[in-house]
K.L.:
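Pasting in a structure now, in structure tokens, and then I'll have a few things to ask.
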Amino acid sequence: MKRSQETNALILIGIIGLVTLFGVPLTLDLYSVISLTTAVSLAILALSLGLIWGFGGILCFGQTVFFGIGGYAYAIAALNLGGSAIAIIVAVLVAAAAAVFLGYFMFYGRLSDVYLAVITLTVTLILYSVIRRTSGPEYKIGIAKIGGFNGINVPPINYPWDVNKFLYPEDFFYVAMVALLVTYFLCVWLTKTHFGRVSESIRENEVRTELLGYDVRIYKLCMFTIGGAIAGLAGTMFANSIGRITPDVFNLYNAALTIIWVIIGGRGTLIGPVLGALIFFYITSLLGQQNVVNINLFLGLVLIIFVLVVPKGIVPSLVQIWVRRRSRRLTTHSARRMRRRGRSRVTEVAVEE
Amino acid sequence: MDLFASLGLQIIYGIANLVLISIGLAVIFGMMRVINLAHGEFLMLGGYTVIVSTNNGVNIWVAMFILAPLIVGIIGLIVEWTLIRFLYGRMVDTLLATWGLSLFFIGLITTIFGAQTETTIAPPFGPIFIGEYSSSGYELFLIVITILLVILLYLLLRYTKLGLLARGTMQSAEMAAALGISTQRIYSTTFGIGAALSGFAGGLLAPVTGVLPTIGAVYIGKAFITVISGGTAILAGTSSASFLLGGINGIVSFVVGPTMGEVALLLFAIVLLRLMPRGITGHFFKRSL
Amino acid sequence: MVLETRALSMHFGGVVAVDRVDFSLRENELRCLIGPNGAGKSTFFKCLSAQLRPTAGDVVIRDFNVTESETHQVARMGVGIKTQVPNVFDGLDVEENIWLSASQSTSIKRARVITSEVIERLQLGSVRKAQLGALAHGQRQLVELGMVLAGEPWLVILDEPTAGMTQDEVVRTAEIIQEINKSATMIVVEHDMQFIRMIAQKVTVFHQGRILIEGDMDEVSSDERVREVYLGHRRPQ
């Protein structure tokens with residue numbers, strides 16, 4: 001995609017984002033707004049994996065680790081400290097710290113690909129297993145009981161400047177949507193920095209990146225930490241939209257979903273996973289309300305079909321089709337012009353393709 | 001003394017359990033480097049085969065030793081033929097596609113049998129008594145079966161033509177092909193055998209665990225980790241990893257509790273992988289079966 | 001002494017790939033490493049680039065003992081490395097590939113300048129926006145050479161730089177290598193004898209993990225042992 005086309009696409013995304021931001025609370029009913037808020041938080045989670053996997057080449061099967069840690073840390077901090085804004089910051093930092101710890105362990109041990117996937121999956125399973133069994137009153141941090149499989153009820157979110165004033169669900173939608181938009185554009189910017197370019201080269205060929213003199217371990221660690229922080233942020237938004245955080249966030253199903261969003265939406269783009277999550281959320285809500293087709297059956301088939309037929313995902317495939325059609329049109333048009341004006345343009349067009 | 005015997009039996013059963021649930025996955029991984037995330041569902045299908053057929057009058061031994069491996073083996077062949085063979089070499093895509101397959105099977109069984117447990121069946125052996133402690137006779141039976149199974153597989157790999165072809169293909173598929181061996185046929189057969197082994201294991205374990213459409217999730221984590229920790233040698237890898245991980249699980253479970261036992265197993269596996277990224281048999285016992 | 005190895009050994013289980021090799025390289029030399037398949041040249045190369053950690057012995061680059069170092073540390077010292085199998089970024093275009101190399105060692109602005117220079121020098125202008133994955137093998141090797149150059153190295157080690165190249169590309173590569181040699185010390189591991197003749201000053205012959213003989217091209221090619229090792233001729237009794 002040429003640079004100008006890309007800028008146009010980004011502007012379009014920005015406009016749609018702003019329209020959604022202001023339009024949704026005005027046009028949709030309360031239930032839909034709350035539903036959409038949850039969808040937005042999942043989209044941020046998808047974005048985090050889209051960044052580290054699509055651009056960094058880090059296949060993390062357990063992005064839910066940081067999502068859940070973010071959610072839990074938020075709940076615990078909010079209950080103990082009272083202020084939501086500071087709780088969000090604490091939660092993101094805790095999730096990032098967890099990512100540093102796990103990432104250091106894996107990348108400095110030069111673990112790759114499949115083994116990385118296994119370990120991160122294992123960690124999310126461990127967390128699911130352990131936290132589920134913390135039902136007793138003795139399991140608590142500060143005044144917050146961890147609550148086992150029932151989870152923690154999250155206190156209502158309040159304003160940063162006035163902890164006694166609470167946000168309505170519609171107001172919280174603004175917060176979540178702004179978080180999504182800001183995080184998205186920050187990620188886009190990140191991929192254009194030197195750091196982003198090197199991370200991309202690591203994805204393409206780790207050996208060569210290292211041969212050029214880059215310490216790939218630290219680049220992967222930083223990318224992984226950023227992904228963990230974003231997933232943690234998503235967790236805080238999620239906890240607020242649902243009103244509680246339970247160990248289910250760590251389970252195998254949700255870990256799988258995160259991967260599915262990125263595959264379906266398109267690995268290698270940032271908007272793809274976001275759209276993938278939103279579309280999927282919509283479809284699964286619809287399916288959840290009916291009994292004809294079992295949801296697992298459906299998800300399984302979708303995943304299989306996508307891997308076999310559309311391995312790049314929706315967005316990149318659409319982009320490819322669009323780009324191809326445009327250049328074909330260009331060639332036929334230019335060819336006719338060429339025939340009328342002489343043959344000197346042939347090489348130029350060939351190179352432009 | 002009796003306590004030790006009873007405890008020892010518990011721990012050995014834990015190890016045998018890990019071997020049983022992992023061996024099918026190990027065969028497939030060892031041969032084709034395919035990580036089949038639908039493995040848990042193969043176990044689940046074996047369990048359903050046994051329970052449904054037994055509840056409908058079939059003799060339990062026939063169900064366990066013949067029906068379960070046969071049916072799941074055939075399912076495995078179909079899966080290989082329609083899905084896996086297009087994805088060889090694409091490790092990540094295989095992971096994802098088999099994950100999809102796993103969801104598919106769960107959905108399918110839920111649709112057919114409903115989300116609740118089928119009526120379970122009682123284990124065919126009663127308790128045995130070691131002094132004051134009663135242990136499950138069935139567990140002892142499973143230990144014996146597991147040992148026999150490992151021996152049988154060893155003999156198969158070492159002394160039969162199929163075993164030799166399999167070992168050759170595992171070491172160098174290109175060379176095997178150059179010698180005229182149809183590697184595709186070896187892969188298909190291996191996948192079928194791996195599935196059959198999983199079905200067999202799932203059927204054997206059905207009286208112990210019962211079956212739910214989602215029971216595969218219980219198995220997949222541990223099986224996955226055991227196979228990766230073991231490395232690519234099918235028997236040596238699975239045995240050594242099961243021994244270590246099962247042992248840790250058993251001991252910690254006894255000292256602290258079953259939850260911590262599980263956690264200990266998972267944590268130990270992570271450390272093991274960090275120290276030996278290619279699994280145990282990637283670093284030790286490299287030439288073993 | 002730009003590079004030295006002392007009693008360098010590399011064992012893989014029971015196989016001794018490199019056997020107590022003492023090697024030294026002077027400033028501005030262009031040294032060729034040759035030898036039959038399995039002689040240990042590439043393994044030796046990987047010990048120099050820190051892609052393998054030697055079982056025993058030392059690798060010293062400009063008085064720094066790099067035996068225990070990581071590859072990126074060696075590269076950062078100013079060593080340009082080109083591996084036997086082309087290691088390039090297939091999903092990125094030629095310009096991006098070279099830019100990534102340049103930007104590692106200098107500022108972003110200067111990196112752009114270097115990238116343009118390298119592309120011009122190697123006559124890659126017509127494919128500068130082409131995806132690496134779509135280029136022919138010989139061109140990819142050339143781009144990889146460009147990546148090595150873009151790092152402005154003072155020591156360049158190349159493992160079979162002409163593998164898969166057409167005759168024209170081989171000649172061009174020989175010219176490029178001789179030009180690089182004006183500002184950098186070089187080690188070239190190669191098979192193609194014609195190519196070696198185009199560029200060789202001093203030649204080191206490897207055989208079964210050890211250095212068989214070192215000398216200039218004439219000395220080496222007239223040596224009986226070298227003939228035997230390469231061609232399997234037996235001395236008439």
Side-chain angles (χ1 to χ4, degrees), chain A residues 1-6 53-57 107-110 112 189 191-222 266-269 311-313 316 319-320 323-324 327 346-353, chain C residues 46 49-51 69-93 95-109 111-112 125-134 140 143-144 146-153 157-159:
Chain A
M1 231 188 170
K2 289 197 209 144
R3 198 157 287 173
S4 55
Q5 286 176 330
E6 214 186 304
W53 186 19
F55 280 91
F107 301 126
Y108 281 73
R110 301 237 178 230
S112 67
W189 168 80
T191 59
K192 310 254 177 260
T193 59
H194 187 221
F195 171 77
R197 305 274 286 271
V198 176
S199 296
E200 214 182 343
S201 73
I202 292 176
R203 178 199 74 206
E204 287 294 315
N205 191 321
E206 196 170 316
V207 171
R208 176 36 81 186
T209 315
E210 193 154 16
L211 289 170
L212 291 178
Y214 293 103
D215 187 350
V216 297
R217 301 169 304 181
I218 191 91
Y219 277 89
K220 291 210 273 195
L221 182 61
C222 287
R267 208 197 317 175
T269 67
K312 284 197 192 161
V319 167
Q320 209 172 30
V323 168
R324 246 186 239 150
S327 25
V346 177
T347 33
E348 268 173 66
V349 173
V351 167
E352 240 186 273
E353 267 184 58
Chain C
K46 289 196 185 130
S49 65
Q51 286 175 285
S69 302
E70 303 275 351
T71 307
H72 68 267
Q73 289 170 319
V74 170
R76 267 207 206 171
M77 280 173 75
V79 181
I81 306 165
K82 192 217 151 308
T83 50
Q84 192 171 15
V85 175
N87 262 318
V88 292
F89 305 121
D90 281 321
L92 304 176
D93 64 46
E95 197 171 42
E96 285 170 333
N97 268 266
I98 297 177
W99 183 83
L100 275 162
S101 172
S103 60
Q104 197 284 312
S105 44
T106 60
S107 70
I108 305 283
K109 240 191 344 178
R112 237 174 255 157
S126 56
V127 291
R128 87 190 286 150
K129 286 294 187 188
Q131 270 223 336
L132 250 299
R140 287 169 79 213
V143 171
E144 200 177 0
M147 288 166 82
V148 167
L149 284 181
E152 299 187 302
I157 61 179
L158 309 173
D159 196 348

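All chains are named by letter (A, B, ...) in the order of the sequence lines, taking the proteins before the strands, and each is independently numbered beginning at 1.
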K.L.:
Under 4.5 Å from any heavy atom of chain A, what part of S105(C) do you find: side chain, backbone, both or neither?
P.N.:
neither
K.L.:
Rounded to the nearest 0.5 Å, how far apart are CH2 of W99(C) and CG of L92(C)?
P.N.:
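Nearest 0.5 Å value for the CH2-CG distance: 11.0 Å.
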K.L.:
Would you call the rings of Y219(A) and Y214(A) parallel, tilted or perpendicular, where under 30° means parallel and over 60° means perpendicular?
P.N.:
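Ring orientation of Y219(A) relative to Y214(A): perpendicular.
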K.L.:
Can you tell which part of V88(C) gets under 4.5 Å to a heavy atom of chain A, answering side chain, backbone, both or neither?
P.N.:
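Looking at V88(C), just its backbone touches chain A.
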K.L.:
Is the count of non-hydrogen atoms from other residues, nucleotides or ligands lying under 6.0 Å from R76(C) atom CZ greater than 12?
P.N.:
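Atom CZ in R76(C) is packed in, count exceeds 12.
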K.L.:
Could you tell me which portion of L132(C) (side chain, backbone, both or neither) has an atom closer than 4.5 angstrom to a non-hydrogen atom of chain A?
P.N.:
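Contact with chain A involves no heavy atom of L132(C) at all.
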K.L.:
Assess whether a salt bridge exists between R203(A) and E200(A), defined as any Lys/Arg side-chain N lying under 4.0 Å from an Asp/Glu carboxylate O.
P.N.:
yes
K.L.:
Return the option, out of K82(C), M77(C), E144(C), Q73(C), with the maximum number of heavy-atom pairs under 4.5 Å with chain A.
P.N.:
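The candidate making the most pairs under 4.5 Å is E144(C).
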K.L.:
Salt bridge or not between K46(C) and D159(C)? Use side-chain N to carboxylate O under 4.0 Å.
P.N.:
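Here K46(C) does not pair with D159(C) in a salt bridge, since their nearest N and O are not under 4.0 Å apart.
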K.L.:
Pick from T209(A), V198(A), N205(A): which one has the most heavy-atom pairs with chain C under 4.5 Å?
P.N.:
N205(A)
